[in-house]
Amino acid sequence: MPSLKETMLANLREMVKLQRAAHDSMFKFSIKKMWPISLIAPQVDWIRITRMMDKLQLTCKEQKEFLSKERGSAPEADLLFLKLLPDYLDWLLKVAEMLGRAAAYRQDVLEKKIKMSIKEWNSILKSYNEASDNMAKVGITLYKAY
């Protein structure tokens with residue numbers, strides 16, 4: 001039976017994989033995203049990304065609750081990693097929130113509910129980048145504790 005540390009690490013890998021897939025879908029270059037090809041059919045499903053990021057936020061909260069309940073039974077060697085993990089989950093939750101917000105904004109622009117504002121879009125991207133940077137910093141600390 002896997003230890004709590006191994007279980008949490010496996011869950012964390014899947015959650016980060018989901019976040020990276022959504023990030024790549026939104027921001028990675030593709031010829032299909034360029035004009036005029038993008039006018040034929042949108043190449044990014046903003047609604048799906050928004051839903052995935054909502055699910056990821058919920059999963060982060062569930063993992064934190066699970067960890068707080070089960071941490072007491074963990075071996076002494078795993079405690080440092082398990083102690084640092086909630087901070088990483090908090091930042092992953094924030095990154096998912098910002099990425100979901102960006103996807104929702106793009107969907108609203110696509111549906112012409114709002115007009116694209118470069119200032120607002122830049123603000124959303126800055127918040128996302130800051131959250132990603134902070135998640136990476138905590139991730140380095142978490143990796144060292146592993």
Side-chain angles (χ1 to χ4, degrees), residues 2-72 74 78 80-146:
S3 70
L4 178 62
K5 180 179 175 180
E6 292 168 352
T7 302
M8 293 302 293
L9 192 58
N11 293 344
L12 190 62
R13 282 185 183 129
E14 291 302 315
M15 292 187 302
V16 170
K17 194 184 298 184
L18 177 65
Q19 182 268 328
R20 285 184 181 160
H23 172 89
D24 288 348
S25 180
M26 279 191 66
F27 300 116
K28 200 169 186 182
F29 174 77
S30 170
I31 193 78
K32 294 177 183 178
K33 292 180 186 176
M34 295 185 69
W35 184 89
I37 298 168
S38 65
L39 297 176
I40 298 166
Q43 298 300 314
V44 179
D45 187 355
W46 308 115
I47 296 171
R48 184 178 59 87
I49 291 173
T50 303
R51 288 180 184 153
M52 285 176 18
M53 293 302 101
D54 289 344
K55 178 69 176 160
L56 181 58
Q57 290 176 52
L58 181 64
T59 304
C60 285
K61 292 174 186 175
E62 290 170 352
Q63 289 295 304
K64 281 183 66 175
E65 290 172 11
F66 174 75
L67 181 62
S68 67
K69 290 178 187 173
E70 300 295 324
R71 190 177 2 188
D78 296 348
L80 179 59
F81 176 80
L82 297 175
K83 184 179 178 185
L84 294 172
L85 191 56
D87 289 339
Y88 189 81
L89 289 171
D90 286 338
W91 282 111
L92 182 58
L93 186 138
K94 185 72 172 169
V95 166
E97 179 185 326
M98 293 294 111
L99 195 53
R101 187 171 155 211
Y105 185 82
R106 292 298 299 264
Q107 182 65 31
D108 289 346
V109 169
L110 183 67
E111 293 175 356
K112 298 184 179 9
K113 291 180 180 176
I114 60 173
K115 188 174 177 171
M116 180 75 161
S117 164
I118 299 301
K119 187 174 182 178
E120 188 174 354
W121 179 242
N122 191 34
S123 171
I124 291 170
L125 291 180
K126 278 185 179 180
S127 298
Y128 173 68
N129 283 334
E130 287 173 8
S132 295
D133 290 346
N134 289 330
M135 184 179 83
K137 289 174 188 173
V138 173
I140 290 169
T141 306
L142 188 66
Y143 180 75
K144 288 178 183 177
Y146 179 73

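These numbers come from the heavy atoms of this one structure, side chains and all, not from hydrogens, waters or symmetry mates. Keep in mind that this is a model prediction, so the values were computed, not measured.
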Quick one: pull up [atom1] in [X] and [atom2] in [Y] and give me the separation to the nearest 0.5 Å.
{"X": "Leu80", "Y": "Leu85", "atom1": "CG", "atom2": "CG", "answer": "11.0 Å"}
{"X": "Tyr88", "Y": "Met8", "atom1": "OH", "atom2": "CE", "answer": "12.5 Å"}
{"X": "Leu125", "Y": "Glu120", "atom1": "CG", "atom2": "CD", "answer": "11.0 Å"}
{"X": "Met53", "Y": "Ile49", "atom1": "CE", "atom2": "CD1", "answer": "7.5 Å"}
{"X": "Lys5", "Y": "Leu67", "atom1": "NZ", "atom2": "CG", "answer": "12.5 Å"}
{"X": "Leu82", "Y": "Glu70", "atom1": "CG", "atom2": "CD", "answer": "10.5 Å"}

Could you walk me through whether Val95 and His23 satisfy the side-chain contact (heavy atoms from CB on, under 4.5 Å) test, starting with their C-alpha distance in whole Å, then the side-chain angles of each, then the deciding distance to 0.1 Å, before giving a yes or no? CA-CA 10 Å; Val95 166; His23 172 89; over 6 Å; no
Side-chain (Ser123) to main-chain (Lys119) donor-acceptor, under 3.5 angstrom: no
Kindly say whether Glu130 contributes a backbone atom to a donor-acceptor pair with the side chain of Asn134 at under 3.5 angstrom? yes
Looking only at non-hydrogen atoms, find the nearest pair between Met98 and Ile124 and report the distance. O-CG2, 4.3 Å
Closest heavy-atom contact between Ala103 and Met26? N-CE, 3.8 Å
Just say parallel, tilted or perpendicular for the rings of Trp121 and Phe27, cut-offs at 30° and 60°. tilted
Sort and list the pairs that fulfil side chain to side chain donor-acceptor pair (under 3.5 Å) and have at least one residue in residues 136-146, not counting sequence neighbours. none
Only pairs at least two apart or in different chains count here, so list each side chain to side chain donor-acceptor pair (under 3.5 Å) that has a residue in residues 50-63. Asn11-Gln63
In terms of heavy-atom contacts, does CZ of Arg48 have more than 12 from other residues, nucleotides or ligands at under 6.0 Å? yes
Between Leu12 and Leu92, does the side-chain contact (heavy atoms from CB on, under 4.5 Å) criterion hold? Intermediate values first, please. CA-CA 10 Å; Leu12 190 62; Leu92 182 58; 4.3 Å; yes
Sequence neighbours excluded, which residues qualify as salt bridge (charged side-chain N to carboxylate O under 4.0 Å, His left out) partners of Glu65? none
Residues Val138, Leu84; criterion side-chain contact (heavy atoms from CB on, under 4.5 Å); working and verdict: CA-CA 8 Å; Val138 173; Leu84 294 172; over 6 Å; no
Can you confirm whether Met15 sits close enough to Leu89 that some side-chain heavy atom of one is under 4.5 Å from a side-chain heavy atom of the other? yes
Do the non-hydrogen side-chain atoms of Glu97 and Lys94 ever get within less than 4.5 Å of each other? yes
Can you list the steps and then say if Leu56 with Met52 is a side-chain contact (heavy atoms from CB on, under 4.5 Å)? CA-CA 6 Å; Leu56 181 58; Met52 285 176 18; over 6 Å; no
